[in-house]
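Here the structure is a predicted model, which is why all the values come from computation and not from measurement. No hydrogens, no waters, no symmetry mates; every other heavy atom, side chains included, goes into these values.
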Amino acid sequence: MFKDFMNLGGMANLMKSAEELQSRMEAAKESMEKTEVIGEAGAGLVKARVNGRGALVGLEIDPGIFKVEDKVVVEDLIVAAVGDGVSKANEKSRNEMMKLMGGQELPPWMKGQI
């Protein structure tokens, strides 16, 4: 019976650890939403600000590239800048979560949580 009681104590510790980890993950998510990275294309002619959750929050285009004949190029640069920003935001988010996990990769079932 004492052995069963000890197992309950271990279970309680495990549950407490899980709750603490969940709380830290929520705080990290909130922090990442406030974090921004800048993706660039065309040697900085187009810059995309992306938050740590991967959402585009701002776009800056150098006015010198606005020529009608360059429309397709500008559109391609915008797509490239947004892609660069999203990639950087994802990497930053992954690194923050790895810090939270003590340098270990997130388990596959948690990767969709960030």
Joint hydrophobic cluster, Phe66 plus Leu59, side-chain heavy atoms closer than 4.5 Å: yes

Side-chain donor/acceptor of Lys88 to backbone N/O of Ile38, under 3.5 Å: yes

Carboxylate-amine/guanidinium contact Glu19 Lys16, below 4.0 Å: no

Separation between CD of Glu20 and CE of Met15, rounded to the nearest 0.5 Å: 12.0 Å

Distance in Å, Thr35 OG1 paired with Asn51 CG, rounded so as to fall on 0.5 Å steps: 8.5 Å

Rounded distance [0.5 Å steps], CG in Leu56 versus CZ in Arg49: 8.5 Å

Co-membership, hydrophobic cluster, residues Val82 and Val57, 4.5 Å side-chain: no

Over all atoms of both residues, closest heavy-atom pair of Met97 and Met25: CE-O, 4.0 Å

Path from Leu45 to Val73 over hydrophobic side-chain contacts below 4.5 Å: yes

Criterion salt bridge (charged side-chain N to carboxylate O under 4.0 Å, His left out) on Lys92 and Glu96, from CA distance to verdict: CA-CA 6 Å; Lys92 187 169 185 110; Glu96 289 298 315; 5.5 Å; no

Ser17 side chain to Asn13 backbone, donor-acceptor under 3.5 Å: yes

Non-hydrogen atoms of Ala81 and Ala41 that approach each other most closely: N-CB, 3.6 Å

Salt bridge Glu91-Arg94, side-chain N to carboxylate O under 4.0 Å: yes

pair Ile78-Ile61: side-chain heavy atoms closer than 4.5 Å: yes

Test: Glu30 and Lys34 ion pair at under 4.0 Å: no

Rounded distance [0.5 Å steps], CD1 in Ile65 versus CG in Leu77: 5.5 Å

